[in-house]
Enquirer: 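Below are the structure tokens for one structure; questions will follow.
Worth saying up front: this structure is predicted, and the values here are computed from it rather than measured. Just follow the structure's listing: the first ligand is 1, and inside any ligand the first atom is 1.
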Amino acid sequence: MRAGRHFLQIPGPTNVPDRVLRAIAQPTIDHRGPDFAELALDVLRRIKPVFGTSGPVVIYPSSGTGAWEAALVNTLSPGDHVLAFETGHFATLWRDMAEGLGLVVDFVPGDWRHGVDPAVVAERLAADTRHRIAAVMVVHNETSTGVTSRVPEIRAAIDRADHPALLLVDTISSLGSIDYRHDEWGVDVTISCSQKGLMLPPGLGFNAISEKALAAAEGARLPKSYWNWAPFLEANERGYYPYTPPTNLLYGLREALALLESEGLPAVFARHDRHAAATRAAVRGWGLEVLCADEREHSSALTAVLLDEEHDANKVRQIILDRFDMSLGAGLGKVSGRVFRIGHLGDFNDLTLAGTLSGVQMGLELAGVPVDPGGIRAALEVLRA
Ligand code: PLP
């Protein structure tokens, strides 16, 4: 046992506020009784503004991967074509899932340093004159790279092509951290989960559903049972679930929503933007490179730091864990060993960031990565401003 709190600075699961932990520790209740219905109706109503929607949000007992599957199986049929983009590790896993489910994926290659290019969306859809593409799949915030795709521009590209494809967006590491608007941006299914910006433990998966997606669900023929929206939406009307709900996580969700409401979403987003800017100032101050290569696409939830070929990012992470009891995100997939990721999302303030960046700087120095110690000062200047 080590003294003090572990620094959990991976880009999710994130630190769970004490208030949320205490809320989760209440006794489990009868999920068919009136108290549960009150809880469920309350969270189902209060989660909507977080997605920026007035439509239904389904809350599954699942991880984010389950919510991905739910979005696909409820809206698509075997053999349907979908357009997806290689923005990083999670976009690639979602592609694999779509293929595994029997969809035909047009996967646009990427360099893992850029988001989805709206011009390519426009081009691919314009070329699809027979409207075979049934859905466009976008990961809003690529957690493996720290790149945030520009969803409104992607929507505009779909509209310009006058294409009927559904827009499915993964907000797993952006919801509750980065500005997001399901209705205003014309998204059809927004996928998310509990363990990142919502400041909860893992275990809840979300689908926010547009009217167009509900209509598509009527004819969607991919096999489904557990993920089927229909029984959910029906039971949710009365505050119930079609199977045993994750009661205690819903207590936690109610508390987390109260935290987000009291700070106000615009302030939550501004806080994340500021911490991300301070983190980039540190990285550049150290003389290192941020993986994201487009100024318009920097993630406000995490920063991936690229090291040169001579230095192993996993060794840096190991030293930081051993010496300073801080967990940082590993490089995933193609960037394994080349990057480490600093999570700055969720329940997080200026001094948490200052501590985090201090640990990173010391770890880099101990690992023999040549860094300018002015990195920390550059970050503190952003925080002080
Ligand atoms: N999509 C993104 C962007 C993610 O960051 C993750 C996990 O970190 C997932 C999907 C998969 O979510 P889960 O691990 O909760 O199944």
Enquirer: May I ask you to check if ligand 1 and G64 share an N or O to N or O distance below 3.5 Å?
Expert: yes
Enquirer: Considering non-hydrogen atoms of the protein only, which is the closest contact for atom 3 (C) of ligand 1, and what is the distance?
Expert: T143 OG1, 3.1 Å
Enquirer: Can Q195 be said to touch ligand 1, with heavy atoms closer than 4.0 Å?
Expert: yes
Enquirer: Are F348 and H275, when compared by the centres of their aromatic rings, separated by less than 6.0 Å?
Expert: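 Ring-ring flag for F348/H275: true, centres closer than 6.0 Å.
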Enquirer: Examine ligand 1 and decide if any of its atoms is less than 4.0 Å from a heavy atom belonging to N141.
Expert: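 Contact present.
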Enquirer: Suppose we measure from atom 8 (O) of ligand 1 to each protein heavy atom; which comes out shortest, and what is that distance?
Expert: K196 NZ, 2.6 Å
Enquirer: Please report which non-hydrogen protein atom sits nearest to atom 9 (C) of ligand 1, along with the residue it belongs to and the distance in Å to one decimal place.
Expert: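 Answer, as residue, atom name and distance: F90 CD2, 3.5 Å.
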Enquirer: Side chain or backbone, does T65 bring an N or O within less than 3.5 Å of an N or O on ligand 1?
Expert: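 Yes; at least one N/O pair falls below 3.5 Å.
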Enquirer: Quick one: does E142 get within less than 4.0 Å of ligand 1, heavy atoms only?
Expert: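 E142 does not count as a contact of ligand 1 under the 4.0 Å cut-off.
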Enquirer: Considering only heavy atoms, which of I172, L332, I191, T171 lies nearest to atom 4 (C) of ligand 1?
Expert: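 Nearest heavy atom to atom 4 (C) of ligand 1 lies in I172.
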Enquirer: Check whether NZ of the Lys or CZ of the Arg R317 lies under 6.0 Å from the centre of the six-membered ring of F340 and within 45 degrees of that ring's axis.
Expert: no
Enquirer: Between D18 and R5, does the salt bridge (Lys or Arg N to Asp or Glu O under 4.0 Å) criterion hold? Intermediate values first, please.
Expert: CA-CA 12 Å; D18 292 347; R5 282 223 172 177; 3.0 Å; yes
Enquirer: Is any N or O atom of D170, backbone or side chain, closer than 3.5 Å to an N or O atom of ligand 1?
Expert: yes
Enquirer: Could you list which atoms of ligand 1 come closer than 4.0 Å to a heavy atom of S63?
Expert: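 That gives atoms 13 (P), 15 (O), 16 (O) of ligand 1.
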Enquirer: Measuring only between side-chain heavy atoms, which start at C-beta, is K48 closer than 4.5 Å to V57?
Expert: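 Yes, side chains in contact.
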Enquirer: Looking only at heavy atoms, is any part of W94 under 4.0 Å from ligand 1, and if so is it the side chain, the backbone, or both, or is it neither?
Expert: neither
Enquirer: Would you mind reporting whether T279 and L357 have side-chain heavy atoms less than 4.5 Å apart?
Expert: yes
Enquirer: Taking the ring centre of each residue, are H163 and H131 less than 6.0 Å apart?
Expert: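 H163 vs H131: aromatic centres under 6.0 Å.
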Enquirer: Can you tell me how far the CD1 atom of I172 sits from the CG atom of N141, to the nearest 0.5 Å?
Expert: 10.5 Å
Enquirer: Would a line drawn from the ring center of Y243 to the ring center of F232 be shorter than 6.0 Å?
Expert: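 That pair passes the under 6.0 Å test.
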